[in-house]
Amino acid sequence: MQPYDTQSIEKKWQQAWEEAGIFHAQNDSDREKFYCLVEFPYPSGQGLHVGHPRSYTALDIIARKRRMQGYNVLYPMGWDAFGLPTENYAIKNHIHPEIVTQNNIAHFKAQLQALGFSFDWSREINTTDPDYYKWTQWIFLQLFKKGLAYKKEMSVNWCTSCKCVLANEEVVGGVCERCGSEVVHKVKSQWMLKITEYAQRLIDDLDEVDYIERVKTQQKNWIGRSTGALITFHTNVDHDVTVYTTRPDTLFGATYMVLSPEYAPIEDWKREGLIQNVPAVEAYQQEAARKSDFERTEMAKEKTGVRLEGVAAVNPVTGENIPVFISDYVLVSYGTGAVMGVPAHDSRDWEFAKKFGLPIVEVVAGGNVQEAAFTDVETGVMVNSGFMTGMTVEQAKEAIKDYMTEKGFGQRKVNYKLRDWVFSRQRYWGEPIPIVHCEKCGYVPVPEDQLPLKLPMVDSYEPTDTGESPLAAIDSFVNTTCPHCGGPAKRETDTMPQWAGSSWYFLRYADPHNNTALASKEALAYWTPVDWYNGGMEHTTLHLLYSRFWHKFLYDIGVVPTKEPYARRTSHGMILGENGEKMSKSRGNVVNPDEVVAQYGADTMRLYEMFIGDFEKSAPWSTTSIKGCRRFVDRVWALQDLLNDEAGETPALQKALHRTVKKVTGDIEEMKFNTAIAAMMALLNEIDKVGSLSKTDYTTLLRLLSPFAPHVTEELWALMGGEGFCSVAPWPTYNEALCVDNEMEIAVQVNGKVRARVTLPADADQAAALAAAKQDEKIAAELAGATVVKEIYVKGKLVNLVVRK
RNA sequence: GCGAGUGUGGCGGAACUGGCAGACGCGCCAGACUUAGGAUCUGGUAUCUCCGAUGUGCAGGUUCGAUUCCUGUCACUCGCACCA
């Protein structure tokens, strides 16, 4: 037996697979397709992280198994290569981002190939390739034509360190998700995408897809649908104010009103001299504008505000005059930017009322509203509410909505927390937005036949302090002619966010070299939707939501044949450092995959990542545990010594073998890779106990293990004289009849405690089991002098005798 | 605060639909082979007051029977966070 040398074996087979093209998907095929996908990585300078292969190995196992089962499998890989780290690295080291990207990709690709993933490299894509981003730009133009891309002067999240606009989704806890620096507000003119137009469909169509529940709830919460009402209050300043509320039933308890400091009509009132305390109001407005998101969150503990002296509103049902305030606890960007204050039944309003000494009027009985706001909608009963008094909250909600509609001061309204997508970035390393601004014609799309609009080569791509994109400094790029009137015009200099290229990449894999469409209709009809998509939970409200939005848009304009891009979505847990903390350079707990492969081999690395624990949960890396997986591979290799004949099967092992095939086949589908591997380890223990193994059984085991440890099994397959590649050999089948025992061990309980075990033939019935149980010496002793009250028999499992002494 | 999830040996983790808790692996202990062992092989390994009892974060409940279902509670993780 030759020694097991991972280095030579793994290289050899990786090359052989690529040369034979056995992992290439076929576009014209009668076979059933299976499209499985993992999130393509951002090729960072740090190279592959041990977290990447967890997802890639899992779906590689599924892809390989499906191939062995005869499917036409598409398992592609590519590069999400636009992005800030590359640009920052380029600036620091004076290398063009394109070169940085090329180098990083080469490094990443070599690392991935060393792990033996069965990617179809002939379909490799790269979002920074002009032939690719041509279609990213094309999709943007379609959005623009349908009015779903628009430019808007607005307050945006501005990262002080990246000098760049961030989407709401990229601001975490008031700081930049990427660099952790402070995020402030800045008014800028930005390209926006109307994702809000799709809010309801993005919720509704979740019913049609098979996503793990966590992902569905997180998306629903993010979109944040709420049902309520718009209610209009008359004021003494001849300007009605409309508020949004989810609790119109509490209208009788509205004792004041609060406007956001940015509420636009306030400026008119100031100008018209309707507000008597303008200096105090303006001071508050300036203070609120100055605060960053982070400060606002921090200061959220205590309510602040200023009353608008001279302004009063009228509660439409009580007819009473109520005071009007401004306060930063009301957000200008949600609802109407104005709310009615019902201190008795909203905890924020309660705090505000206490601070400002406003009346607290109870309209839902059930709590003590002087002590705390009573917000329970399940048990409350209406009081002090005119015609609604005595109703439940639910009844009152409907009654008041009907009433206000009839009287004309209000209407039903659905609101979403989801905001439109800020699509502009003031950066160099992104897709140029293909729009030209003409003094006469306004925003004009670049004609489609001029795509791709390429990034110009420049010397400096440093961000400017003014907040302009580096592209703004390149006159030859900026100055152009209007495609519409031919007059002088200027190009848009903002670029797209990183999420653009990844919002449709899965479509490109279906037909990656097409230069007349993003992919042919036939290819899309055959391959979409993605059958199985695995990725990180951190992408649930970003990439996953954005790409569903784009896909739905492409469906609406007839480009793709399905409403939803992904039929099934699963998610993996993180791999933590050995100390149980997130891996990071600063914590010094990073594991380098190259070193693991060099020391143990790719097969061991793959096995360990799958064996480490429940796939959906995070798990700490262990440098000692991985040895167990290497031992397992060594023992599989050493089985060559136990081969004893040319004969068919090893009778003593038949049951164990068939059961293992069944277990592994099922576990892979449920992503229970850890128990699948455990089952194969148990089988190995069984084989060692028996002490001999037939070649037939050995090759069955090799095929079963092949998706997990493809190199060593391929080598052993060749040594056994197997036909073709083990990687595409038929998946082993099992005989159900051979999986069941002809004997069963039954636990015998007395009053729920196990007292004995009896062995019975598999076909024994209840009577036989009970009789055998009672004959057992120990049980007989237990039963002496007692009455059996109840006898329970669970087939194949246990007997429980309930006795009374 | 709201939403989602997780608590099982020294460690990572198993346990179908309520039916023998601790599969498999690591580590550890003992032995074998060795000049040697951080290699390999064999056996053992939840706890205790060890012929018995206890044990799946804690306290209850339902049940013949609960890691699994229900109620309450504590701790941790993740997401959102003044969304009216």
Side-chain angles (χ1 to χ4, degrees), chain A residues 169 172-174 213-218 220-222 224-226 228 243-248 250 254 258 260 293 296-297 299-301 303 327-331 333-342 345-349 351-352 375 415-419 537-538 540-541 573-574 576 578 580 582 607-608 611-614 616-629 631-632 634-635 638 666 672 674-685 688 745-757 789-803:
Chain A
E169 289 84 342
V172 176
E213 218 42 52
R214 288 189 289 162
V215 170
K216 286 191 184 184
T217 37
Q218 212 168 300
K220 281 182 195 159
N221 290 347
W222 186 262
R225 179 192 154 101
S226 71
V243 302
Y244 173 71
T245 178
T246 55
R247 293 294 305 274
T250 62
V258 193
S260 154
D293 269 359
R296 272 208 185 189
T297 318
M299 311 238 181
K301 279 147 200 147
K303 296 280 176 286
S327 171
D328 66 3
Y329 85 88
V330 177
L331 309 174
S333 51
Y334 183 78
T336 61
V339 303
M340 63 182 200
V342 185
H345 306 292
D346 181 284
S347 52
R348 295 151 305 183
D349 295 346
E351 283 173 37
F352 191 83
T375 55
N415 250 331
Y416 302 91
K417 288 187 203 174
L418 187 70
R419 318 266 166 89
M537 281 307 289
E538 70 273 21
T540 302
T541 52
M574 251 195 295
L576 305 170
E578 203 137 15
K582 206 171 160 176
L607 277 165
Y608 178 61
F611 189 62
I612 194 165
D614 186 335
E616 289 200 3
K617 293 187 194 137
S618 54
W621 185 269
S622 164
T623 42
T624 50
S625 279
I626 191 170
K627 287 180 193 160
C629 290
R631 263 176 220 153
F632 170 61
D634 284 337
R635 288 174 67 200
K672 290 165 79 171
N674 52 341
T675 53
I677 294 167
M680 289 187 280
M681 288 172 166
L683 175 65
L684 209 63
N685 292 342
D688 278 345
E745 195 190 58
I746 302 279
V748 184
Q749 300 182 332
V750 177
N751 289 340
K753 300 211 162 161
V754 180
R755 296 297 176 189
R757 293 168 214 284
V789 189
K790 196 169 179 182
E791 295 171 337
I792 291 136
Y793 174 65
V794 183
K795 196 171 182 303
K797 304 268 181 176
L798 57 69
V799 166
N800 187 14
L801 301 169
V802 186
V803 304

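In what follows, chains are A, B, ... by sequence order, proteins preceding strands, each numbered from 1.
Of all nucleotides present, only B:A4 satisfies the Watson-Crick or G-U wobble test against B:U77, with each distance under 3.5 Å. B:A21 makes up no base pair with any nucleotide shown, lacking Watson-Crick or G-U wobble contacts both under 3.5 Å. Under the Watson-Crick or G-U wobble criterion, with both distances below 3.5 Å, B:A66 is left unpaired in every strand shown. The partner of B:G13 cannot be assigned: no Watson-Crick or G-U wobble pair with both contacts below 3.5 Å exists in any strand. In a base pair of the Watson-Crick type (N1 to N3 plus N6-O4 or O6-N4) or a G-U wobble (N1-O2 and O6-N3), with each distance short of 3.5 Å, B:U71 is matched with B:A59. Nucleotide B:G31 forms a pair with B:C41, judged by Watson-Crick or G-U wobble geometry with both contacts under 3.5 Å. Nucleotide B:C51 forms a pair with no other nucleotide shown, judged by Watson-Crick or G-U wobble geometry with both contacts under 3.5 Å.
A pairwise comparison of heavy atoms in A:F632 and A:M681 identifies CD1-CG, 3.7 Å as the closest pair. Scanning both residues, A:V243 and A:V339, for their nearest heavy atoms gives CG1-C, 3.6 Å. Between A:R247 and A:T375, the closest heavy-atom pair is NH1-O, 3.9 Å. Considering every non-hydrogen atom in both A:N751 and A:V803, the closest pair reads OD1-N, 2.9 Å.
As rounded to whole Å, 10 Å separates atom P of B:C82 from atom CG of A:D328. Rounding to whole angstrom units, CE of residue A:M537 and C1' of B:G3 are separated by 12 Å. Between the OH atom of A:Y244 and the P atom of B:C82 there is a distance of 17 Å, given to the nearest Å. Nucleotide B:U77 holds its P atom 17 Å from the CZ atom of A:R214, rounded to whole Å. Protein atom CG of A:N800 is 5 Å distant from nucleotide atom C1' of B:C64, rounded to whole Å. The CZ atom of A:F632 sits 18 Å away from the C1' atom of B:U40 (whole-angstrom rounding). One atom, CE of A:M680, and another, C1' of B:G25, lie 13 Å apart when rounded to the nearest Å. Taking atom NZ on A:K216 and atom P on B:A4, their separation rounds to 15 Å, with Å as the unit.
You'll find the side chain of A:V215 stays beyond 4.5 Å of the side chain of A:Q218, heavy atoms only. Counting heavy atoms from C-beta outward, A:R635 and A:D688 have side chains that approach closer than 4.5 Å.
Remark: the separation of the C1' atoms in B:G22 and B:U67 is 11 Å, to the nearest Å. Nucleotides B:U6 and B:U42, compared at atom C1', are 39 Å apart to the nearest Å. Distance noted for atom P between B:C69 and B:A23: 23 Å (whole Å). Straight-line distance between the P atoms of B:U49 and B:U17: roughly 38 Å, to the nearest whole Å. Rounded to the nearest Å, the gap between the P atom of B:C64 and that of B:U8 is 30 Å. The separation of B:U68 from B:G72, taken at their P atoms, amounts to 16 Å, rounded to a whole angstrom. Comparing the P positions of B:U71 and B:C80 gives a spacing of 28 Å, expressed to the nearest Å. If you take atom C1' in B:C48 and the same atom in B:G12, they sit 26 Å apart, rounded to whole Å.
Residue A:Q749 is in base contact, counting any heavy-atom pair closer than 4.0 Å across all strands shown. Backbone-only contact: A:I612 has heavy atoms under 4.0 Å from sugar-phosphate atoms and none from a base. As judged by a 4.0 angstrom heavy-atom cut-off over every strand, A:D614 is placed among residues touching the sugar-phosphate backbone only. Within the nucleic acid shown, A:N685 comes within 4.0 Å of sugar-phosphate atoms alone, with no base atom in reach, counting heavy atoms only. Counting any heavy atom pair closer than 4.0 Å across all strands shown, A:V802 reaches sugar-phosphate atoms only and no base atom. Contacts of A:S226 with the nucleic acid, taken as non-hydrogen atoms under 4.0 Å apart, involve only primed sugar atoms and P, OP1 or OP2. Residue A:S327 is classed as having no contact, given no heavy-atom separation below 4.0 Å to the nucleic acid. Within the nucleic acid shown, A:E538 has no heavy atom closer than 4.0 Å to any nucleic acid atom. At a threshold of 4.0 angstrom between heavy atoms, the contacts of A:T246 are confined to the sugar-phosphate backbone, with no base atom among them. Residue A:R225 is out of contact with every strand shown, counting any heavy-atom pair closer than 4.0 Å. Nucleic acid contact for A:K795: none, since no nucleic acid atom lies under 4.0 Å from a heavy atom of the residue. Looking at heavy-atom distances under 4.0 Å, A:N674 makes contact with sugar-phosphate atoms alone, never a base.
Distances shown here put every side-chain N or O of A:K797 at or beyond 4.0 Å from the OP1 or OP2 atom of B:G19. Between A:R635 and B:U40 there is no side-chain polar atom (N or O) within less than 4.0 angstrom of OP1 or OP2. Listed pair A:R755 / B:G52 fails the phosphate criterion, with no side-chain N or O lying under 4.0 Å from OP1 or OP2. For the pair A:Y334 and B:A84, the criterion of a side-chain N or O lying under 4.0 Å from OP1 or OP2 is met.
Of the two residues near RNA chain B, A:G752 and A:D634, the one whose nearest nucleotide lies more 5' is A:D634. Place A:Y608 and A:K672 on RNA chain B by their nearest nucleotides, and A:Y608 ends up nearer the 5' end.
For the pair A:K303 and A:F352, the cation-pi criterion (under 6.0 Å, within 45° of the ring axis) is not fulfilled.
For A:A619, taking side-chain heavy atoms from C-beta onward, the closest of the listed nucleotides B:C24, B:G13, B:A84 is B:G13. Listed nucleotides B:G19, B:C26, B:G25 differ in distance to A:R631; the shortest reach to its side chain belongs to B:C26. Distances were taken from every side-chain heavy atom of A:W222 (C-beta onward) to each of B:C26, B:C80, B:A84; the shortest belongs to B:C80. Checked against B:G13, B:C80, B:A4, the side chain of A:T217 finds its nearest nucleotide in B:A4. Closest to the A:K303 side chain, of the nucleotides B:C82, B:G25, B:G27, is B:C82. For A:K627, whose side chain is taken as the heavy atoms from C-beta onward, the closest listed nucleotide among B:A84, B:G7, B:G27 is B:G27. Taking the side chain of A:K790 as heavy atoms from C-beta on, and the options B:U40, B:A14, B:C64, the nearest nucleotide is B:C64.
In this entry the base of B:G57 is anti relative to its sugar, with a glycosidic angle more than 90° from 0.
A donor-acceptor pair is defined here as one N or O able to donate and one able to accept, closer than 3.5 Å; such a pair exists between the side chain of A:Y608 and the backbone of A:S622. No donor-acceptor distance shorter than 3.5 angstrom exists from the side chain of A:D349 to the backbone of A:G341, with no hydrogens or angles considered. Put simply, the side chain of A:E578 gets close to the backbone of A:T623: a donor and an acceptor are under 3.5 Å apart.
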